[in-house]
There are 2 protein chains.
Amino acid sequence: MPKIVDAEARRLDVVHAVFRIIASDGLERASLREVADEAGLAVGSVRHYFASSDELLVFSFGAVIDRIAGRLESAMTVVEEESPGSPEQQAAVLNLLGQFLPLDEELAVDACVWMAFRHAARIKPVLAAEAERSHRTVAAVVGRLIMLLSPGGADAQQTLVTEAERLLATMDGLCMHALLQPEWMTAEMCSDVLTAHLRSLDGVPAAR
Amino acid sequence: MPKIVDAEARRLDVVHAVFRIIASDGLERASLREVADEAGLAVGSVRHYFASSDELLVFSFGAVIDRIAGRLESAMTVVEEESPGSPEQQAAVLNLLGQFLPLDEELAVDACVWMAFRHAARIKPVLAAEAERSHRTVAAVVGRLIMLLSPGGADAQQTLVTEAERLLATMDGLCMHALLQPEWMTAEMCSDVLTAHLRSLDGVPAAR
DNA sequence: GGTGTTGAAGCACGTTCGTGCTAAAAACTA
DNA sequence: TAGTTTTTAGCACGAACGTGCTTCAACACC
């Protein structure tokens, strides 16, 4: 039988090469040749694991979604374990939302890749399904968070949806700015904006 | 003398062709050949007006910034003319913020192009200067708006900056979602999120 | 110790890209 | 009408792209 290679691990190696290229040079530079070089393989080898360029990209998109979703999920369980309204829960919420932002090297790479694929999905139909999944997954977590944080409890459904979308939009905007204008949108500014938004969650639905 | 052609108008024609291509096929398809085809010209003709592909892209980026800045500026003067706190001012503010979003065909094209160039600027150094200008220009308008809407008047400088960045992030996130997930982020949802955010502006700084 | 399956490598083909360069065409002046 | 200069068109070159297909090397099993 053939040389034994952990195919799944090798696929992940290639995917990580894709991540590095997207983060440093953009999605359009993630060609088979560049990816093979970055992974230390030949083009034919990459194509042995991924039938086509599209398959590689779709798989990479899925991988980054899984990474982000995993982080969000584990951070969310921490939030749900803390007692509502406690400072510990506040911290857990801030930590959860921080998972969206490029606060360290690993998060930055994932954020870059995530953004690049989502925008590419507007044009490339092969990526559309994963983009849908990405949106649904993240929106579900944010929705649960909003439900948990809403003081009104059984508040109007409409308000909850709106607030979830509002938080989601703010997070994506923050992520964007942190990636594109890092000199303005520092980690401190991100934190300030997040706490301001969370304060606005406490205030508004009650006042309505 | 030669055939008389309004060079500036012709450059704008080419730029509009760039816009259409970016909106429908993405920035990476905005090659000289595609642009020339879309504009109904030969590649040589496009290169007569723009020395290089880079020059064309930088000029197009600048053009879309100017369009957006112009719309924001004129909408901002309306806001400043209305009496503070009046329903007319509220409507003017909503109108101003709506200029960021792809609410009609023209706005959608500009939003697409704007997003594409800003993300491309992370990678392509030639676009960096215009990206800076874009951010400064828009941040200035949003800053003026926040200053106008803040009930505290001479509130803490820090709060104003934070709130400006928060509104900016929310707008960019809304724009992103409206472009990438139009089925979820409808015009109505945009409006709901915007009004919710504006309510949060009234409430929070006063409560602090 | 052969042997055949499989990982790895690479060639070849057709496209597309940016760009330097050369002419043809067009239109206003002399 | 002849000339001059801008506008338009197009060819040619090197580089990079995805992909079909072939070739080489290695290793587990009979």
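We name chains A, B, ... by the order of the sequence lines, and we start the count at 1 in each one.
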>> Salt bridge or not between Arg122(A) and Asp25(B)? Use side-chain N to carboxylate O under 4.0 Å.
In response: no
> Closest heavy-atom contact between Thr77(A) and Ser74(A)?
Replying inline: OG1-O, 2.7 Å
> Is the phosphate of dT7(D), meaning OP1 or OP2, less than 4.0 Å from a side-chain N or O of His48(B)?
Replying inline: yes
>> Going by the rule side-chain contact (heavy atoms from CB on, under 4.5 Å), which residues pair with Glu38(A) if we only count those two or more places apart in sequence or in a different chain?
In response: Ala17(A), Arg20(A), Ile21(A)
> dT19(C) P sits how many Å from Leu56(B) CG, rounded?
Replying inline: 10 Å
>> Testing the basics here: between Ala116(B) and Leu27(B), what is the closest heavy-atom pair and its distance to 0.1 Å?
In response: O-CD2, 4.0 Å
>> If you count heavy atoms of other groups shown closer than 6.0 angstrom to CD of Glu188(B), is the number above 12?
In response: no
> Rounded to the Å, how far apart are Asp37(B) CG and dT16(C) C1'?
Replying inline: 13 Å
> What is the distance, rounded to the nearest whole Å, between atom CG of Leu41(B) and atom P of dA26(C)?
Replying inline: 15 Å
> OP1, OP2 of dT6(D) versus side-chain N and O of Tyr49(B): anything below 4.0 Å?
Replying inline: no
> Going 5' to 3' along nucleotides 10-18 of chain D, which nucleotides have protein heavy atoms under 4.0 Å from the base (write B), which only from the sugar-phosphate (write S), and which from neither (write -)?
Replying inline: B-B----BB
> How would you list all residue pairs meeting ring pair (Phe, Tyr, Trp, His ring centres under 6.0 Å) that involve residues 96-116 of chain A, not counting sequence neighbours?
Replying inline: none
